[in-house]
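Report on the structure given below.
Model, not experiment: these values are computed from the prediction. FYI, the numbering just counts along the sequence from 1.
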Amino acid sequence: MSGQEIERKFLVKKKGDAYKSAAYSCSYIQQGYIPSDAATVRIRRRDDHAYLTIKGKSVDGGLSRYEFEKEIALDEATRLLELCRGGLIEKHRYLVRSGSHVFEIDEFHGANEGLVMAEIELDSPEETFVKPDFIGPEVTGNRFFYNKHMLKHPYAEWKGIVPEEYR
């Protein structure tokens, strides 16, 4: 798959774990990043599947960018993860339907424990969508909430900038 990715990110209210009871799917993800100045190169293992993803620079404040993604063999992912620098991001991903869209809710582990974020992919920047009650403030374009950034600067270092009900 390749093309323009249009994605918005939000904090998620953690009280009551409403996102977990609304989810129709849950998977475990490990991902790392291969150093590159020109693009973001990610290797991801999601349950029993693996992917190589290359993302270009954002052109509009973090809302959209070019994305190339290809499924790869698990043994290839294992070898490529060894090339990643800065450690791995580990999280559980919950999928929640809302209207005609799906929110991906990421519950982070390790040094990013306590952070819960939602992402939604759209067909256009102006596309409307229905937010479930547990979706909070938008953080699209805020570098603190980029997975690659969280490898060098984990949530544990900066969680004080996040409103209390989302910590």
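The hydrophobic cluster containing Leu52 also contains Ile34, counting ILVMFWY residues as joined when their side-chain heavy atoms lie under 4.5 angstrom apart, directly or transitively. Linking ILVMFWY residues whenever their side-chain heavy atoms come closer than 4.5 Å, directly or via other members, leaves Phe144 and Tyr146 in distinct clusters. At a threshold of 4.5 Å between side-chain heavy atoms, the hydrophobic network of Ile, Leu, Val, Met, Phe, Trp and Tyr places Leu95 and Leu11 in two separate groups. Under the 4.5 Å side-chain heavy-atom criterion for grouping Ile, Leu, Val, Met, Phe, Trp and Tyr, Val162 is connected to Met117 within one hydrophobic cluster. Put simply, Tyr28 and Phe108 are part of two different groups of oily side chains (I, L, V, M, F, W, Y) that touch within less than 4.5 Å, one to the next.
Counting heavy-atom neighbours within 6.0 Å of Lys55 NZ, excluding the residue itself, gives a total above 12. Shown here is Arg79, whose CZ atom has no more than 12 heavy atoms of other residues, nucleotides or ligands within 6.0 Å. By the 6.0 Å contact criterion, CG on Asp123 is open, its count of non-hydrogen atoms from other residues, nucleotides or ligands being 12 or less.
Under a 4.5 Å side-chain heavy-atom cut-off, the cluster of Ile, Leu, Val, Met, Phe, Trp and Tyr residues that includes Leu122 is completed by Ile6, Phe10, Val12, Tyr19, Leu63, Tyr94, Val96, Phe103, Ile105, Val116, Ile120, Phe129, Phe134, Ile135.
Counting heavy atoms from C-beta on, the side chains of Leu151 and Asn112 never come closer than 4.5 Å. Side-chain contact between Leu80 and Ile72: present, with at least one pair of heavy atoms (C-beta onward) separated by less than 4.5 Å.
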Could you check Arg45 against Leu74 for side-chain contact (heavy atoms from CB on, under 4.5 Å), going step by step and ending with a plain yes or no? CA-CA 7 Å; Arg45 205 170 22 217; Leu74 283 172; 3.8 Å; yes
Does the pair Tyr155 and Glu113 meet the rule for a side-chain contact (heavy atoms from CB on, under 4.5 Å), with working shown? CA-CA 7 Å; Tyr155 178 65; Glu113 187 79 34; over 6 Å; no
Determine, stepwise, if the pair Tyr166 / Lys13 fulfils side-chain contact (heavy atoms from CB on, under 4.5 Å). CA-CA 5 Å; Tyr166 302 97; Lys13 293 178 190 169; 3.3 Å; yes
Run the numbers on Lys91 and Asn147 for side-chain contact (heavy atoms from CB on, under 4.5 Å), then give the verdict. CA-CA 10 Å; Lys91 57 190 176 182; Asn147 286 256; 3.1 Å; yes
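Ser25 and Arg93 share no side-chain donor-acceptor pair at under 3.5 Å.
With Ser124 contributing its side chain and Glu127 its backbone, the two residues share a donor-acceptor pair below 3.5 Å. Looking only at distances, a side-chain donor or acceptor of Thr140 sits under 3.5 Å from a matching main-chain atom of Lys9. The main-chain N or O of Tyr33 is never found under 3.5 Å from a side-chain atom of Lys148 such that the two would form a donor-acceptor pair. Without hydrogens or angle criteria, Lys14 side chain to Gly114 main chain gives a donor-acceptor distance under 3.5 Å. Of the possible polar contacts, one joining the Ser98 side chain to the Val130 backbone as a donor-acceptor pair under 3.5 Å is found.
A distance of 11.0 Å separates CZ in Arg46 from CG in Asp48, rounded to the nearest 0.5 Å. Remark: Leu88 CG to His109 NE2 distance equals 13.0 Å, nearest 0.5 Å. From Arg167, atom CZ reaches atom CD1 of Ile161 across 10.0 Å, with rounding to the nearest 0.5 Å.
For the side chain to side chain donor-acceptor pair (under 3.5 Å) with Arg44, the lone residue among Gln31, Glu69, His49 that qualifies is Gln31.
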